[in-house]
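This report refers to the structure that appears directly beneath it.
Proteins get letters first, then strands, A, B, ... in listed order; numbering begins at 1 in each. Basis for what follows: all heavy atoms, side chains included, without hydrogens, waters or symmetry-related copies.
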Amino acid sequence: MFLALAPRTENGRTWAGTDGADSAGVPVNRRGGDGAGYHLQELADDGEPLGDPLTIGDPVGLLAFAGRGARWLWDATSQVYPGLLRVGVRLDRCHDITLTERILRARAGVFGEPSSAAAVNARAAGAPVPADRDPATTFAGRQSAFGHPAQPMLFDTVDPVRDVVAGVGDPLALLRTALVDQLQRAGDDNALALLLAAESASGLAAAEMGHAGLPWRADVHRELLVQGLGQQPAAGRRPTRMAELAREIDAAFGFPVNPDSAVDLRAAFRRVGFDIDTTRSWVIKGLAHPAVEPVLAYKELARLYSANGWNWLAEWVRDGRFRAEYVPGGVVSGRWATNGGGGLQIPRALRRAVVADPGYALVVADAAQLEPRVLAAISNDHALQRLSADDDLYDALAADGFGGDRAKAKLAMLGAMYGQTSGEAGRLVPTLRRRYPAAMVCVEGAARQGETGQVVHSALGRACPPPGATFREALEVGTSQDATDAERRRADLMAKDRGRFTRNFVVQASAADWAAVWLSGLRRDLAAVPGAELVFFQHDELIVHVPTEQAGLVSELTMAAAKSARELVFPGSAVTTPVRPVVVNCYADAK
DNA sequence: TCAAATGGCGCC
DNA sequence: AAAGGGCGCCATTTGA
């Protein structure tokens, strides 16, 4: 059974009234939700209405409908659910039309187009497709530096055609027909059904994690900043330690250099005899010059200062929590992205600041070496699957064919998955091919498909984007009889480039499949653990904030969910995808 | 003068 | 030691 849920709308807008007004002075609330009121209707599994539509004024009233194994149906979790969470309404399951549509459209070769219920209906009717209201797709980017986040684009005029197409006045019908359309297109593909269920569940988890926030000790963070950078500078000034290093750099070169400018820095090194064409740290590290040390130190501090300095703290940490806006499926491979705050790039150095509340612990669980294990599964490489029984797959790999050299084994495996052909990794390819032929056929086959302009899919059927017009044209020109050498080279480069992408896609996207199923399963199980909250998820790692006495139980649940994910995503495979949870007070102590 | 591109680097 | 996949974000540079 489905419970179709639509925020009440006015003039085609999500009605809310409390979050401000758009340029026309009409109240808007891009989250939908609180205070708004909802239309609600029960639907059978095939989308047939089971009763008359209802109107619910108080969202808490929705709870009366929950808990019957029903699945909520709505346009976009990111629009509806945060408002519900703010008034204390948590729901178990949903079907998110927008997230589902993205996956289905991708499988049809279409990316980046509107995916709302309105869009689904408009397409089915051959009518103009309205823009998404979902910020995730209309979001045009953020203002730089220390400004406020850019606002998503909002409708600022009433468009009668769009509003009719959008079914304003009968939003439930819109959801119902979109659902029926999607169910029909999804067919009876079990893997796809699992992917779609996990994607919608990820939407719920993402909203909940955004709501909960990651415990963040601003005082600890500030201490770390002062320790590394010195005192917080006045606006427009460098922190003490960075200013000192800048002076050291000038002195080492013997002339003034702006280390914030790559152009300036490269020119400086050239002037003192080093013909570099990039100022990347690893290049500079190899130079013998007194400026090297202060430059490297400066770069590191500058990164900390600009990415996670005092400004970041002021903008993103409130009430002891860091709240990122998570975007499930925000990456083509199905990985999550975040809007703002760099939520998936928290530097290791700052993990000291992630501390459980008093009486609570953090259960930090990560899937060890997920990607090579996933490769073993999708390629059905029995030799590699056997190695996956080892807790440390790279150790096993090293013992199996790399003379016990773990670093070498890891390099070879990563090179195989990323398409590295040169250097040490390239030289190790023959060893891999000899010992793990099926795995290598898998990644090399995926690469070849990419090179020839085809698409590839994840284990559960997430599709990679088809090549763009530039690629197709370059390939056509470069492979024609009368192509110039330059045209041939260009075509070859673009093909190789896309080959590396598709090669990696099959592994990364299948790992994302696994992780989404893992996360969804754990989220479901955590509902039975009082006080346990998912607070962080980063590709193959998650954190649960939990009352200390429940930490052991939650650890078990993370492992059980991993086992279940392995069985669901790679049924019948001998691969193992172990998770090793650690109970800590502070994130920095997890590794 | 402003927006887009680039260089660089953090995370996986 | 060398530089291969996916991102987001910042400051600087470029170019319209």
Check whether any side-chain nitrogen or oxygen of A/Lys299 sits under 4.0 Å from OP1 or OP2 of B/dC9, and answer yes or no. yes
Can you tell me how far P of C/dA2 sits from NZ of A/Lys408, to the nearest Å? 15 Å
For A/Glu199, is there an ion pair with A/Arg102 - N to carboxylate O distance below 4.0 angstrom? no
Does A/Gln232, at its CD atom, have more than 12 non-hydrogen atoms belonging to other residues, nucleotides or ligands within less than 6.0 Å? yes
Nearest to the A/Phe501 side chain among C/dC7, B/dC9, C/dG5, which nucleotide is it? C/dG5
Can you tell me how far P of B/dC12 sits from CE of A/Met413, to the nearest Å? 20 Å
Would you mind reading off the distance between A/Leu265 atom CG and C/dA11 atom C1', rounded to a whole angstrom? 14 Å
Selected nucleotide, minimal atom distance to A/Ser261 side chain, candidates C/dT13, C/dG8, B/dC9: C/dT13
Length of the line joining A/Arg280:CZ and B/dG10:P, which is rounded to integer Å: 12 Å
Between C/dA1, C/dA11, B/dC12, which nucleotide gets closest to the side-chain atoms of A/Asp260? C/dA11
Would you say CZ of A/Arg448 has more than 12 non-hydrogen atoms from neighbouring residues, nucleotides or ligands within 6.0 angstrom? no
To the nearest Å, give me how far apart CG (A/Leu304) and P (B/dG10) are. 10 Å
Tell me whether the side-chain N/O atoms of A/Thr278 come closer than 4.0 Å to OP1 or OP2 in B/dG8. yes
Among B/dC11, C/dT12, C/dC7, which is the nearest nucleotide to the side chain of A/Pro347? B/dC11
Measure from the side chain of A/Thr279, starting at C-beta and using heavy atoms only, and say which of C/dA11, B/dG7, C/dG6 lies closest. B/dG7
Parallel under 30°, tilted from 30 to 60°, perpendicular over 60°: which one fits the rings of A/Phe322 and A/Trp312? tilted
Between the side chains of A/Asn339 and A/Tyr326, does any donor sit under 3.5 Å from an acceptor? no
What's A/Ser422 touching, base or sugar-phosphate or nothing? Going by heavy atoms closer than 4.0 Å. sugar-phosphate
So what does A/Ile346 hit on the nucleic acid, given a heavy-atom distance under 4.0 Å: a base, only sugar-phosphate, or nothing? sugar-phosphate
To the nearest Å, how far apart are A/Ile543 CD1 and B/dC12 P? 11 Å
Counting the atoms with a prime plus P, OP1 and OP2 as sugar-phosphate, which does A/Arg303 contact under 4.0 Å by heavy atoms, base, sugar-phosphate, or nothing? base
Can you list the residues that meet the salt bridge (Lys or Arg N to Asp or Glu O under 4.0 Å) rule with A/Asp391, with sequence neighbours excluded? none
For DNA chain C, whose closest nucleotide is more 5', that of A/Val283 or that of A/Gly342? A/Val283
Heavy atoms from C-beta onward define the side chain here; which of C/dC7, C/dG5, C/dA11 lies closest to that of A/Asp497? C/dG5
Among the nucleotides B/dC12, C/dA11, C/dT13, which one has an atom lying closest to any side-chain atom of A/Val263? C/dT13
Taking only the side-chain nitrogens and oxygens of A/Arg348, find out if one of them lies under 4.0 Å from OP1 or OP2 of B/dC12. yes
Classify the nucleic acid contact of A/Val507 as base, sugar-phosphate or nothing, counting any heavy atom under 4.0 Å across all strands shown. nothing
Establish whether the base of B/dC12 is bridged to the side chain of A/Arg335 by a donor-acceptor pair shorter than 3.5 Å. yes
Which nucleotide sits closest to the side chain of A/Gln538: C/dG5, B/dG8, B/dC12? B/dC12
Examine C/dG5: is either OP1 or OP2 under 4.0 Å from a nitrogen or oxygen in the side chain of A/Arg503? Give yes or no. no
Would one find a side-chain N or O of A/Ser281 under 4.0 angstrom from OP1 or OP2 of B/dC9? yes
Nearest-Å distance, CG (A/Asn308) to C1' (B/dC9)? 11 Å
Picking from C/dG6, C/dG8, B/dG7, the nucleotide nearest the side-chain atoms of A/Ala262 would be B/dG7
With sugar-phosphate meaning primed atoms plus P, OP1 and OP2, does A/Arg351 contact a base, only sugar-phosphate, or nothing at under 4.0 Å between heavy atoms? sugar-phosphate
When you get a sec, tell me which of C/dC9, B/dG7, C/dG6 is the closest nucleotide to the side chain of A/Asn504? C/dG6
If only side-chain N and O atoms of A/Ser333 are considered, is one of them under 4.0 Å from the OP1 or OP2 phosphate oxygen of C/dC7? no
Anything under 3.5 Å between a donor and an acceptor, one on a side chain of residues 261-269 of chain A, the other on a protein residue two or more places apart or in another chain? List them.
residue	atom	partner	partner atom	Å
A/Ser261	OG	A/Val263	N	3.4
A/Ser261	OG	A/Asp264	N	3.0
A/Asp264	OD2	A/Asn258	N	2.7

Taking for each residue the nucleotide of DNA chain C bearing the nearest heavy atom, is the 5' side occupied by A/Thr338 or by A/Gly423? A/Gly423
Please report, rounded to the nearest Å, how far the P atom of C/dC7 is from the NE2 atom of A/His539. 10 Å
